Amino acid sequence: MHAWEREGAQSGPAKADANLFRSAVSTLKPASLAIVGASERARWPCEIFSNLREFGYPGRIALVNPRQTQVFGERCFASLRELPHPVDHALVIVPAAAVPDVLTDAEASGVKSATVYASMMGDGDAPESHKRGAWLKDFVANSRLRVAGPNCMGAYSYRERVLAYPNADLCRLAPGPVACIFQSGGLLQFFMKTAADRGLRYSYCITSGNEPDLGLADYVNFVIDDSNTQTVVLFIEGIRRPQAFMHAAGRALAMGKPIIAIKTGATLESRAASRSHTGAIAGDYAAYLAMCERYGIVNCRSLDDLVETALAFQAGRLPKGPRMSFVTTSGATVDLLHDYAATEGAAMPDFTEQTKAALLPLMQPGITPKNPLDVGIPSTFEIAAHDPNIDMVAWASNMPRDGDSQDDMSPLRQVLAATDKPVVGFARMVQQLGEKQLARQHAAGFPFLQGVEPTIRALNGLWFHAARKDRRPAPPPPAPPSDLSPATLDATLARYGITLPKSETVTTVAEAAAAAERIGFPVALKISSRDILHKTESHGVAVDLWDCRAVETTAESLIAAARVTQPNARIEGFLVQEMASGIEAIVGAREDPLYGPMLLMGAGGILVELVEDAALRMLPLDAGEIAHMVDDLKVSKLLAGFRGSRPADRKALESATLALGRFFLDHRSVISEIEFNPIIVQPVGLSEIFPDAPRSPPDGGAVAVDVRVVWRDGRAGA
């Protein structure tokens, strides 16, 4: 980080932030501009110059083109070096081959920053593009000049009237509270237009391009310090500086400014070569979602959801809980709401008896008041909003068409004024809106969302952020030095409170049988090989062996199977373990290359990657967060006792998971992954069933029966 990057930085961030962020002030709030490549024949320079002049940019604009002396009726300079006065920011709208000379001139002439619009500056597959990209990377590393782009379409700064994106229609919008930062040039204008037609208004809208210098983290950090920006909307293709991005996201969360995002790449395979189930499940996109969970970022599944969720947040209210009420005029909509709420995991409790009594006189004969409510009139809407069981309320109502007489919005405004809860209207299906509809929405004071499912997801998004807004996410501490080794692994895990089964490592078949007698039958037998990480897949595990003869026969079979499935594996012997019975879970920790240490918990055993029942979180975690992870899992129902079975020791699983998280943070300098699969969560109260058993099963507990470790020196083993 250069010393000059700390000068003129936007106010707000702590001193430490200066080492993470690059200032976007001169890019988005320039007092003067130059258009390099100004030409009356090129569309983008023409449109941008027209935007600036027509819509009131107050600063000085210099025009630069070595082939022109006059453009747009104004003097044109041959280069930035010839300007009589330096400018804050240069809009560089020239072919890629000319960009290096322009940026060199910009730095020499005292320009503070530049936006490079051209592609073929490191993007694509062409060798000349890669060469230019390498030059640009080296240039920004050694330059005072801040560079936005390349391969972008500029930005809008609405209050400053810096309208440097080639779309005039969007310049006509009034300023608003939403900042958009897109890693896509063309997509931004389509999102902006669609969302603006629905009532969204913007403070800044930025396309970030290839980001060799100014990037997503810098722009987020800038807009959250803007007092007029209340919500940030992101389109993410990749997070190039994750530590800076997370720091900015943490600042946004602390300031109460929600971030709503959509990210591409959900179906891509993980870039990391996964060597464990934890690694396979905790791939790039899953790790990104865990980061969103930590920092309260609302991740949307579609661009349509991004619009609806942004509108819900623009209303400025957050719920105190997740519970929703829907007031409709259709029994079919009620049925759909039940279905969709279950699919989306939405909380839709029934009304209190007092609310039902208030609603009953307004109901049709024979219809019982319940949530969702099938009487969509403002008075029922207001009653539902006052119910203490309800945190958010949505009213099913289409926007009026031309000629409609329902223009009196005072009853709805009255509902809004009578509660501090989030209030939205929603249409059952998407409809086209015009100025009349937007005026009615403005008069009502709350947004009218479109589509039943997007509305539910938007309300869920409000609660997702609200539930996390008081967090102050702290990064994990640096990895301390560790002397952990395979020889000390078991003893170290035990010191952290992690229970391992009685076990012995042996080298021969005879030793395996003798070890089984010492441990006590029944036992499990596992092949021991540093080359076989997933022993089940290699037929290297046998369970429920009840005598020495079974152990000896099985040991020979395991060796034969290993020779077939992995002929080059080095067989070192066997691991003999006492049997543990109960519910199989998986607990694992790994270092994500982008976001840092992660903890995984889920349903375990051989179906771990098939049942898709796992929760991934960023470390560090406390006991309460671990408990919430269990709540999110389907296996929690098994732990509670499913269909008459005895409950398992959930607390023991939570304690073991918390201990594993601490263990990994303390020893991640020498291990990159560790996994318990399965960790057996034993039933509680078994002594009541087997009071006279010679070796009574334990009451509860969680036993890590299979421990897999990936060491940073390349070793893998159990």
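Source: prediction; values computed, not measured.
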### Presence of salt bridge, R617 and E293, under 4.0 angstrom
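Yes, charged N to carboxylate O under 4.0 Å.
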
Regarding R650 and D631, does a basic nitrogen lie under 4.0 Å from an acidic carboxylate oxygen?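 Judged by the 4.0 Å cut-off on N to carboxylate O distance, R650 and D631 do form a salt bridge.
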
Between P683 and G582, which heavy-atom pair has the shortest distance, and what is it?
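Nearest heavy atoms, P683 then G582: CD-CA, 4.1 Å.
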
Does some side-chain heavy atom of [Y] sit less than 4.5 Å from a side-chain heavy atom of [X]?
| X | Y | value |
| --- | --- | --- |
| L459 | F326 | yes |
| I260 | L306 | yes |
| D706 | K526 | yes |
| M291 | R294 | no |
| L600 | V587 | no |
| D339 | E344 | no |
| V684 | R646 | no |
| I671 | R712 | no |

- Item | side chain to side chain contact (heavy atoms under 4.5 Å, CB included) involving A252 - partner list, sequence neighbours excluded |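 Counting only residues at least two positions away or on another chain, A252 forms a side chain to side chain contact (heavy atoms under 4.5 Å, CB included) with I224, I259.
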
| message | I'd like to check the ring pair (Phe, Tyr, Trp, His ring centres under 6.0 Å) partners of F663; sequence neighbours left out, ordered by chain and number. | response |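 F663 satisfies ring pair (Phe, Tyr, Trp, His ring centres under 6.0 Å) with Y496, H667 once adjacent residues are dropped.
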
Query raised in the report: Atom OG in S503, atom CZ in F574: separation rounded to 0.5 Å?
Result: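 With rounding to 0.5 Å, OG (S503) is 15.0 Å from CZ (F574).
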
Interatomic distance, I586 atom CD1 to D613 atom CG [nearest 0.5 angstrom]:
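That separation rounds to 11.0 Å.
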
Show your working on side-chain contact (heavy atoms from CB on, under 4.5 Å) between R471 and L253 and close with a plain yes or no.
CA-CA 7 Å; R471 285 185 183 177; L253 191 63; 3.8 Å; yes

Query - Donor-acceptor side-chain pairing of T352 and D387 below 3.5 angstrom - result: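 Distance-only check passes for T352 and D387.
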
Report task. Indicate whether any N or O donor in one side chain lies under 3.5 Å from an N or O acceptor in the other, for N299 and Y285. Result ->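 There is such a pair (donor and acceptor under 3.5 Å, judged by atom type) between the side chains of N299 and Y285.
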
request  = Taking the six-membered ring of F664 (Phe, Tyr or Trp), confirm whether the NZ or CZ of R662 is under 6.0 Å from its centre and within 45° of its axis.
outcome  =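 Relative to the ring axis of F664, which defines the angle, R662 lies outside at least one limit.
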
Assess K263 against Y288: is NZ or CZ under 6.0 Å from the centre of the six-membered ring, and within 45 degrees of the ring's axis?
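Yes.
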
Quick one: sort the F313 and H465 rings into parallel, tilted or perpendicular, breaks at 30° and 60°.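 F313 vs H465 ring planes: perpendicular.
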
- E673 and R590: CA distance, side-chain angles, deciding distance, salt bridge (Lys or Arg N to Asp or Glu O under 4.0 Å) verdict: CA-CA 4 Å; E673 296 182 27; R590 73 186 295 262; 3.8 Å; yes

